[in-house]
There are 2 protein chains.
Amino acid sequence: MEREASASASAVARNRKVVLRGYIDRAPREDDMEFVDGGDVALRVPGGAGGPAVLVKNLYLSCDPYMRGRMRDFQGSYIPPFKPGSPIEGAGDFVSGMTGWEDYSLITKPEQLRKIQQSDIPLSYHLGLLGMPGFTAYVGFYEICSPKKGEFVFVSAASGAVGQIVGQLAKLHGCYVVGSAGTDQKVELLKEKFGFDAAFNYKEEPDLAAALKRHFPEGIDIYFENVGGPMLDAVLLNMRIHGRIAVCGMVSQHGLTAPAGIHNLFSLVSKRIEMKGFIQSDYLHLFPQFVDDITKHYREGKIAYVEDMSIGLESGPAAFVGLFSGKNVGKQVVCVSQD
Amino acid sequence: MEREASASASAVARNRKVVLRGYIDRAPREDDMEFVDGGDVALRVPGGAGGPAVLVKNLYLSCDPYMRGRMRDFQGSYIPPFKPGSPIEGAGDFVSGMTGWEDYSLITKPEQLRKIQQSDIPLSYHLGLLGMPGFTAYVGFYEICSPKKGEFVFVSAASGAVGQIVGQLAKLHGCYVVGSAGTDQKVELLKEKFGFDAAFNYKEEPDLAAALKRHFPEGIDIYFENVGGPMLDAVLLNMRIHGRIAVCGMVSQHGLTAPAGIHNLFSLVSKRIEMKGFIQSDYLHLFPQFVDDITKHYREGKIAYVEDMSIGLESGPAAFVGLFSGKNVGKQVVCVSQD
């Protein structure tokens with residue numbers, strides 16, 4: 001999230017950056033990134049023969065699990081890898097869009113920035129509730145899960161940026177909603193703040209399949225998959241006939257070179273389950289409707305939102321790495337500057 | 001497939017049966033089944049207070065992989081297990097429906113039998129081309145795969161009862177179709193008899209992902225999944241964006257108490273893949289249209305069909321067990337009697 005820098009022909013500012021040191025194949029560590037001096041940046045709006053460009057001052061940066069995939073040297077994904085030595089890229093107005101993890105970023109394709117209407121909603125919420133994670137929840141729930149009132153919904157990583165919104169949309173839809181998270185504090189948050197019908201700490205369950213059976217004696221109609229691994233295997237055993245699994249991410253597998261094997265896929269046949277991966281950017285035509293709907297819900301107090309704000313660009317690497325051990329409570333954001 | 005037995009008040013015949021000895025958790029062996037004398041059966045149409053019933057003489061019996069799941073002591077599936085000591089059940093007209101693996105079967109719910117119109121099409125084809133496997137192929141391809149002309153289709157176990165029909169329907173739809181099978185003879189059959197664009201022997205490929213890459217340099221749009229295990233993992237790496245996987249069965253996993261782990265499910269997200277299990281019996285409203293369509297294709301020479309006929313009820317156990325090591329070439333049928 002950025003602000004267009006005030007143009008002033010002669011002014012300069014010091015720029016600082018967080019760069020990726022080199023590609024990795026394991027879970028990210030803080031020292032995979034480096035906080036470096038980026039030299040002076042001229043505070044003027046560039047332009048000329050190269051086409052229009054915009055200099056933005058970064059206020060808030062978003063930490064998202066998908067960014068882990070950009071730290072590998074692999075070109076075959078839906079988004080290219082980062083370049084070692086260049087600033088980490090991430091979603092960050094006033095305007096919102098892809099920017100660098102630095103104080104100032106030169107945006108050469110300003111048409112890819114989205115203008116934000118200032119309102120009573122905090123600016124940083126445009127990186128979560130009203131940004132990519134919230135839109136992921138919205139698209140995943142309504143477009144992929146085909147939800148019906150009264151259905152049994154399970155959400156993993158439920159207190160995270162996406163999970164917290166999915167659970168609340170499911171409740172608003174009249175579903176019975178259970179979430180899992182990795183600390184008792186998050187479990188409380190799910191029940192007290194987000195209104196989940198029930199929640200459990202997966203780290204304290206020796207048998208995940210049994211835990212799900214206890215929470216869903218009649219089985220699960222919809223699973224919003226954020227984690228992968230053993231939880232997915234346990235869910236497959238507890239799905240109902242004609243169940244749906246929206247595969248949003250598999251955060252438990254991001255750090256593993258050899259991801260855990262999933263053994264219970266035969267349930268897809270015996271229970272006629274639909275399992276579908278999706279990416280929010282395929283549904284951008286729904287974005288305006290999403291902003292309207294969620295803004296309305298939020299203003300009416302029907303949706304709560306929790307973010308975990310880390311202060312200062314230099315805190316970015318630790319905040320990002322913390323995603324993969326569940327250190328964040330709610331959506332992880334880095335505040336670079338407040339003005 | 002059966003014929004209603006000629007009613008004659010006093011006549012009796014010797015009945016023979018194939019029974020399941022006991023539940024198993026591993027790959028089926030011939031000696032898990034027993035060929036036994038079933039005593040005399042009175043050749044009269046029963047009836048009376050117990051409601052209408054029909055005595056059928058079994059002519060052809062079908063060997064299908066799904067029957068393996070009924071040999072486990074597990075009630076939670078979509079179809080109940082067999083009873084040890086009672087005849088194996090399977091689809092077998094004149095009438096077609098679920099019957100016992102024996103010479104004569106008393107059918108207490110005759111409304112569940114389907115009358116067969118005798119025609120130029122061989123009777124036994126109603127267990128395959130025009131029966132459950134053909135219908136599985138039809139429903140799976142048209143209802144689950146959402147095929148478009150020109151798409152790249154891969155079929156595993158492609159010479160089997162279902163695979164051979166799927167591949168030919170895909171060709172008729174204008175797709176590019178590659179199949180895999182486990183012998184060079186079957187690979188030839190796929191190319192020469194069924195008109196696949198290409199085919200390969202998976203047992204001779206040390207690297208399945210590389211084999212698929214060779215056959216689908218641009219990737220796979222549709223995978224018709226019949227086998228599971230390492231082939232599925234290799235396919236996931238070779239799918240195209242917005243690809244579809246119809247999960248019909250996982251025959252390579254039937255014999256394994258601990259099924260092989262699938263490691264590449266994250267591809268579902270990065271490539272927005274839909275993976276859907278299905279069972280033909282959910283689509284029975286389409287059965288008449290299926291029979292019309294396939295009969296027309298067959299009579300016009302647009303669809304070929306290969307079955308592997310094993311002679312005599314006593315050959316049933318070996319024929320069934322052979323499914324899991326790929327001994328059958330085409331749809332496996334047991335001929336109990338020809339009249």
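Here is the naming used below: chain letters follow the sequence lines, and residue numbers restart at 1 for every chain.
- Contact of the B/Arg272 side chain with the A/Asp282 side chain is registered, since non-hydrogen atoms from C-beta on lie closer than 4.5 Å.
- For the set A/Leu268, A/Ile245, A/Val269, A/Ile79, the entry with the most heavy-atom pairs within less than 4.5 Å of chain B is A/Val269.
- Chain A forms more heavy-atom pairs under 4.5 Å with one residue of B/Asn264, B/Ile262, B/Ile144 than with any other, namely B/Ile262.
- In this structure, A/Glu274 and B/Glu274 have side chains that are in contact, with non-hydrogen atoms separated by less than 4.5 Å.
- A/Glu225 contributes atom CD, which lies 9.0 Å from atom CG of B/Leu265 (distance to the nearest 0.5 angstrom).
- Here the OG-CZ distance, from B/Ser270 to A/Phe74, works out to 7.0 Å after rounding to the nearest 0.5 Å.
- With a 4.5 Å cut-off on non-hydrogen atoms, B/Leu232 touches chain A through its side chain but not through its backbone.
- If you measure heavy-atom distances from B/Ile273 to chain A, the contacts under 4.5 Å come from the backbone alone.
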